[in-house]
Amino acid sequence: MRFFSTNNRQHEVGLAEAIIKGLAPDQGLYFPIQIPRLREEFIKSLPGKSFKEIGYEVIGNLFSEDLSVQQIKELVDHTLAFDAPLVKVEPDFYSQELFHGPTLAFKDFGARFCSKLMSMLLKNQAQKVRVLVATSGDTGSAVANGFLGVDGVEVIILFPKGKVSKLQEKQFTTLGENIKCLEIDGVFDDCQRLVKQAFLDQELNEKMVLTSANSINIARWIPQALYYFRAYSLLEVYQKKLVVSVPSGNFGNLAAGILAMKMGLPIDQFVASTNLNKIVPDYLNGSVFHPQASVQTISNSMDVGDPSNFPRLLALFNQDDFELRKIVKGYFFDDHQTREAIQKIHKLGYLADPHGAVGYLGLKSFMEENPGFQGIFLETAHPGKFREVVEETLNMKVDLPDRLEKFLKGKKESESMDGDFLSFKNYLKGN
Ligand SMILES: *Cc1c(COP(=O)(O)O)cnc(C)c1O
């Protein structure tokens, strides 16, 4: 499979290069030169197919030139080690739960796929690959857990001292093995600066292979298409039109859903649901695309003022914004509405996290304006992950699942470091 940069169609690279580089040198996002359509018989046979059977076919269709059948099987088996079930919340209203992975959020799918694929593509490389990750919390845990125990790869996580929640911190500092953690005396931006500087440092890049595995990497983006196929395979009826509402921040998840549609999955409409960081809903409703400083909300994984996957949304529609606005409808909601939704959904017998609740609200708005659909909202995180907000809103206790409790009991291991690049460089050289 070959990819172009969204900043320059003439700049083409193969799979391995797109993944190791992450971002194109011109700062564009990599995008498939051609999106292959799946066989009609496969789409017809989706009801009743298992998640892994779906994975073999979809990933095989995309990567058969780059990977053997055995590698594709291994990759899919590693990624789809947990399901993404549909739960009916109301008539014609489903939640797709994407939080059954190790760190309780949908980012586990992308992180697991990315780590496995990287190790496969780099197998013949004599040198170990170092993945540098700056994190303010969530990304660190998903990437670390995805790469845990993967051969030939070492992950180095930089996080700001005292600025990450205890639970989040435990999710990556207790793993050990090939996961190393550096606690930086500074803020998140200092961590990011150190990582960026390392990628630009000539001496380091001559000595070692450094890569980023950040969220715009195609190896994290593409596998997210898989659970849209899974959702479709689990529907009860197929006679109704289908709309999927995606609680969004950087818009990688939504862009992956549209990728699934472009491969032939019968989804009729998408809803871009956001909190007050509403740049994309505003755009979809007719404004120009106008990035802004982010504002803080209770659905904080979506507090993004300059959504990085926006160029991919346009590329999926060949830059045709009329078509994009036809297929994707945008809605946004404030924290008060989000809390009300958590309460309303709870009365229906379901526990939603703040992100899922925003997805629910977007779906509700769409369905009220467009009768005759059945709809799915993506539940992107386990409610226990945003326990304080959910407990305060519902005035009740929320249990943490066992796999989170397990992290809390683990022993934290990390090295402290100042925010000076030379210290970081010496650490990398000595490691
Ligand atoms: C990252 C994240 C999102 C936003 O996903 P994007 O692909 O960036 O739009 C939504 N919900 C949760 C819980 C997340 O962690």
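Atoms within each ligand, like the ligands themselves, are counted from 1 in listed order.
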Inset, instruction - Output yes when Glu236 and Lys88 qualify as a salt bridge under the 4.0 Å nitrogen-oxygen rule, no when they do not. - result: yes
For ligand 1, output the ligand-protein N/O contacts shorter than 3.5 angstrom; if there are none, return none.
residue, atom, partner, partner atom, Å
ligand 1, 7 (O), Gly252, N, 3.2
ligand 1, 7 (O), Asn253, N, 2.9
ligand 1, 8 (O), Asn250, N, 2.8
ligand 1, 9 (O), Gly249, N, 2.8
ligand 1, 9 (O), Asn250, N, 3.3
ligand 1, 9 (O), Phe251, N, 2.8
ligand 1, 11 (N), Thr380, OG1, 2.8
ligand 1, 15 (O), Lys107, NZ, 2.5

Inset, instruction - For Asn61 and Tyr56, test the side chains for any donor-to-acceptor distance below 3.5 angstrom and give the result as yes or no. - result: no
Legend entry - Contacts of type side chain to side chain contact (heavy atoms under 4.5 Å, CB included), residue Asp185, not counting sequence neighbours: Lys161
Inset, instruction - Decide, yes or no, whether a salt bridge links Asp321 with Arg325 under the criterion of side-chain N to carboxylate O below 4.0 Å. - result: yes
Legend entry - All pairs passing ring-ring contact (aromatic ring centres under 6.0 Å, His included) where residues 130-162 contributes a residue, at least two apart: Phe159-Phe172
Tell me which donor-acceptor pairs under 3.5 Å the side chains of residues 352-359 have, and how far apart each pair is, sequence neighbours excluded?
residue, atom, partner, partner atom, Å
Asp353, OD1, His355, N, 3.3
Asp353, OD1, Gly356, N, 2.7
Asp353, OD2, His355, N, 3.1
Asp353, OD2, His355, ND1, 2.6
His355, NE2, Ser301, N, 3.1

